[in-house]
Trainee: 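This structure is in structure tokens; I'll ask about it shortly.
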Amino acid sequence: QVQLVESGGGLVQAGGSLRLSCAASGRTFSNYAMGWFRQSPGKEREFVTRISRTGASTSYADSVSGRFTISRDNAKNTMYLQMNSLKPEDTAVYFCAADPAWVRVGVTGTPGYWGQGTQVTVSS
């Protein structure tokens with residue numbers, strides 16, 4: 001089992017920044033590809049970004065590319081999401097996810113493990 005705990009969400013004005021963290025425990029962190037997903041009220045959960053086991057590969061949804069940056073620190077068992085130039089449409093609950101398979105933390109959204117989510121609210 002892998003336990004994932006997100007933190008860092010909150011309320012921010014449009015144009016501002018937030019940094020989310022996802023702390024992992026239970027298994028060897030570096031064995032897992034990691035991803036961030038988000039869900040807004042009335043909408044399905046959507047892919048945001050993902051990072052490979054070593055951090056060498058990343059991919060982003062078009063809606064966040066150039067504004068968000070994913071990273072990980074395998075020594076600290078933690079993944080991060082730096083969110084800049086935030087927009088009201090970025091308002092959502094953000095979930096971190098983990099799976100040994102790269103494809104499962106992508107747009108298919110079928111990872112083996114999920115965090116509980118952290119709320120991000122961007123005011124206009």
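Along the sequence shown, residues carry numbers from 1.
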Trainee: What verdict does the side-chain contact (heavy atoms from CB on, under 4.5 Å) test give for Q3 and R27, after you've listed the backbone C-alpha separation in whole Å, the side-chain angles of each residue and the deciding distance to 0.1 Å?
Mentor: CA-CA 8 Å; Q3 292 79 44; R27 292 288 179 92; over 6 Å; no

Trainee: Is a side-chain donor or acceptor of T58 paired with a backbone partner of T49 at a separation under 3.5 angstrom?
Mentor: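 Absent.
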
Trainee: Do the non-hydrogen side-chain atoms of P111 and Y32 ever get within less than 4.5 Å of each other?
Mentor: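 Not in contact.
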
Trainee: Is it the case that the side chain of T28 and the backbone of S30 share a donor-acceptor pair, with hydrogens and angles ignored and the cut-off at 3.5 Å?
Mentor: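 Here the side-chain-to-backbone pair does not exist.
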
Trainee: Honestly curious: do Y94 and M34 fall in one hydrophobic cluster under the side-chain, below-4.5 Å linking rule?
Mentor: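 Yes, Y94 and M34 fall within the same hydrophobic cluster.
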
Trainee: For residues D90 and V120, determine if any side-chain heavy atom of one lies less than 4.5 Å from a side-chain heavy atom of the other.
Mentor: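 They are not in side-chain contact.
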
Trainee: Between CZ of F37 and CZ of R45, what distance do you get to the nearest 0.5 Å?
Mentor: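 Interatomic distance, F37 CZ to R45 CZ, rounded to 0.5 Å: 8.5 Å.
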
Trainee: Do side-chain atoms of N84 reach the backbone of G15 as a donor and acceptor pair under 3.5 angstrom?
Mentor: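 Flag not set: sc N84 to bb G15 has no pair under 3.5 Å.
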
Trainee: Tell me whether the NZ or CZ atom of R19 lies within the 45° cone about the ring axis of Y80 and under 6.0 Å from its centre.
Mentor: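 R19 over Y80 ring: yes.
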
Trainee: Do you know the tightest heavy-atom contact between S124 and A14?
Mentor: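 Smallest heavy-atom distance, with atoms named: CA-CB, 4.4 Å.
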
Trainee: With side-chain contact (heavy atoms from CB on, under 4.5 Å) as the test, would you mind laying out the steps for Y113 and C96 before giving the verdict?
Mentor: CA-CA 8 Å; Y113 302 97; C96 69; over 6 Å; no

Trainee: With distance as the sole criterion, is a donor-acceptor pair present between the side chains of S59 and R50 under 3.5 Å?
Mentor: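 Their side chains do contain a donor-acceptor pair, which is all the 3.5 Å distance test asks for.
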
Trainee: Mind running side-chain hydrogen bond (donor to acceptor under 3.5 Å, both in side chains) on D73 and T78 for me, showing each step along the way?
Mentor: CA-CA 5 Å; D73 185 337; T78 303; over 6 Å; no

Trainee: Following the transitive rule for hydrophobic clusters with a side-chain heavy-atom cut-off under 4.5 Å over Ile, Leu, Val, Met, Phe, Trp and Tyr, establish whether V2 and I51 coincide in one cluster.
Mentor: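 Yes, it is one cluster - the side chains of V2 and I51 are joined through contacts under 4.5 Å.
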
Trainee: If every non-hydrogen atom of W102 is compared with every non-hydrogen atom of S57, which pair is closest and at what distance?
Mentor: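 Looking at all heavy atoms of both residues, the shortest contact is CH2-O, 3.7 Å.
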
Trainee: Looking only at non-hydrogen atoms, find the nearest pair between S52 and R72 and report the distance.
Mentor: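 Shortest heavy-atom contact: O-NH1, 2.8 Å.
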
Trainee: Starting from L4, can I reach V93 by hopping between I/L/V/M/F/W/Y residues whose side chains sit under 4.5 Å apart?
Mentor: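 No, V93 does not connect to L4 through the hydrophobic network.
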
Trainee: Is the backbone N or O of V105 less than 3.5 Å from a side-chain atom of D99, with the two atoms forming a donor-acceptor pair by type?
Mentor: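 No; zero donor-acceptor contacts below 3.5 Å.
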
Trainee: Do the non-hydrogen side-chain atoms of R38 and E46 ever get within less than 4.5 Å of each other?
Mentor: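 R38 vs E46: side chains touch.
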
Trainee: When you group the ILVMFWY residues by side-chain heavy-atom contacts below 4.5 Å and let the links chain together, are F47 and L20 in the same group?
Mentor: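 No, because L20 and F47 fall into different hydrophobic clusters, even though each may have its own neighbours under 4.5 Å.
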
Trainee: To the closest 0.5 Å, what do you measure between OG (S25) and CG (N77)?
Mentor: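 That separation rounds to 8.0 Å.
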
Trainee: Taking the inter-plane angle between the rings of W114 and F95 on a 0 to 90° scale, is it parallel (under 30°), tilted (30 to 60°) or perpendicular (over 60°)?
Mentor: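 Correct class here is perpendicular.
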
Trainee: Measure the shortest side-chain to side-chain distance between V48 and Y60 over non-hydrogen atoms and say whether it is less than 4.5 angstrom.
Mentor: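 They are not in contact (no side-chain heavy atoms under 4.5 Å apart), so the answer is no.
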
Trainee: Are side-chain heavy atoms of L81 and T69 found at a separation under 4.5 Å?
Mentor: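 SC-SC contact between L81 and T69 ruled out.
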
Trainee: Please answer whether the main-chain N or O of I70 pairs with a side-chain N or O of Q82 as donor and acceptor at a distance below 3.5 Å.
Mentor: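 No, because the side chain of Q82 does not come within donor-acceptor range (under 3.5 Å) of the backbone of I70.
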
Trainee: For the backbone of G9 and the side chain of T118, can you confirm whether one donor and one acceptor N or O come within less than 3.5 Å of each other?
Mentor: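 The answer is yes, because a donor-acceptor pair under 3.5 Å joins these two groups.
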
Trainee: Any sub-3.5 Å donor-acceptor pair from R53's side-chain atoms to P100's backbone N or O?
Mentor: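 Yes, R53 side chain to P100 backbone: donor-acceptor pair under 3.5 Å.
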
Trainee: Nearest 0.5 Å, please: how far is CZ in R67 from OG in S85?
Mentor: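 Result: 7.0 Å between the selected atoms.
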
Trainee: Take S21 and M79, measure what side-chain contact (heavy atoms from CB on, under 4.5 Å) needs, and give me the verdict at the end.
Mentor: CA-CA 6 Å; S21 298; M79 174 180 65; over 6 Å; no

Trainee: Output yes when a side-chain donor or acceptor of S40 lies under 3.5 Å from a complementary backbone atom of T91, and no otherwise.
Mentor: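 Judged by distance alone, yes, a pair lies under 3.5 Å.
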
Trainee: Any side-chain heavy atom of E6 within less than 4.5 Å of one from Q116?
Mentor: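 In contact.
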
